[in-house]
Amino acid sequence: QVQLVESGGGLVQAGGSLRLSCAASGRTFRTYTTGWFRQAPGKEREFVASIRGSGGSTYYADSVKGRFTISRDNAKNTMALQMNSLKPEDTAIYYCAFRTSTVLTTNADDYNYWGQGTQVTVSS
């Protein structure tokens with residue numbers, strides 16, 4: 001089992017920044033791929049970014065590339081998402097996810113464990 005807890009969401013004006021954190025426990029964190037997804041009201045959950053266990057490889061959705069940065073600290077079993085130049089369309093509940101594989105993937109169905117989500121609201 002893996003437990004994931006997100007934090008860091010909130011309300012921010014367009015152009016501002018937020019940093020989300022995800023704390024993991026319960027299984028060897030450093031080996032596996034983790035990622036961030038988001039879900040806006042009335043929309044399906046969508047991929048945001050993912051990072052391999054080593055932290056050496058990352059992948060981003062086109063909509064956030066150049067604005068968001070995913071990172072992880074395996075010594076602390078944590079993952080982060082630094083979000084800059086936020087836009088109203090970034091408003092969503094953000095989820096961290098963990099999969100028992102080393103392969104990067106954008107498919108939510110490939111992730112085995114999920115956090116409870118944290119709300120991010122960007123005002124115009």
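One-based numbering along the sequence shown.
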Note: Trp36 and Ile70 closest approach over all heavy atoms is CD1-CD1, 3.6 Å
The salt bridge (Lys or Arg N to Asp or Glu O under 4.0 Å) partners of Glu46 (sequence neighbours excluded) come to Arg38
- Short question: side chain of Thr33, backbone of Thr102 - any donor-acceptor pair under 3.5 Å? yes
### Task
Run the salt-bridge test on Lys87 and Asp90 with the 4.0 Å N-O cut-off and return the result as yes or no.
no
Minimal heavy-atom distance between Ala24 and Leu4, with the atoms involved, is CB-CD2, 3.6 Å
The reported gap from CZ in Arg30 to CZ in Arg52 (rounded to nearest 0.5 angstrom) is 15.5 Å
Between the CZ atom in Phe68 and the OG1 atom in Thr58, the distance rounded to the nearest 0.5 Å is 14.0 Å
Ring centres under 6.0 angstrom apart (Tyr32, Phe98): yes
Residue set satisfying side-chain hydrogen bond (donor to acceptor under 3.5 Å, both in side chains) with Arg72, at least two apart, ordered chain then number -> Thr34, Asn74
Judged by atom type as modelled, is there a donor-acceptor pair below 3.5 Å linking the side chain of Gln13 to the main-chain atoms of Ser123?
-> no
All heavy atoms of Met79 vs all of Gly35, minimum pair found to be CE-O, 3.4 Å
Note: Asn112 and Thr100 closest approach over all heavy atoms is OD1-N, 2.7 Å
OG1 of Thr121 to CG of Leu11, rounded to nearest 0.5 Å, is 6.0 Å
Any donor-acceptor pair under 3.5 Å linking the side chain of Glu6 with the backbone of Gln116? yes
Residues joined to Trp114 in its hydrophobic cluster, side chain to side chain under 4.5 Å directly or through other members, sorted by chain and number, are Phe37, Phe47, Tyr59, Ile93, Tyr95, Leu104, Tyr111
Heavy atoms of Ser17 and Ser85 approach each other most closely as OG-N, 4.3 Å
All heavy atoms of Ala92 vs all of Ala40, minimum pair found to be CB-N, 3.8 Å
- Message: Using a 3.5 Å distance criterion without hydrogens, assess whether the side chain of Thr91 forms a donor-acceptor pair with backbone atoms of Val122.
- Response: yes
For this session: Would you confirm whether Arg99, through its side chain, and Asp110, through its main-chain N or O, come within 3.5 Å as a donor-acceptor pair?
Result: yes
To the nearest 0.5 Å, atom OH of Tyr94 lies from atom CG of Leu81 at 7.5 Å
Answer yes or no: are there more than 12 heavy-atom neighbours, outside Lys43 itself, under 6.0 Å from its atom NZ? no
Side-chain contact, heavy-atom cut-off 4.5 Å: Tyr60 with Arg67? no
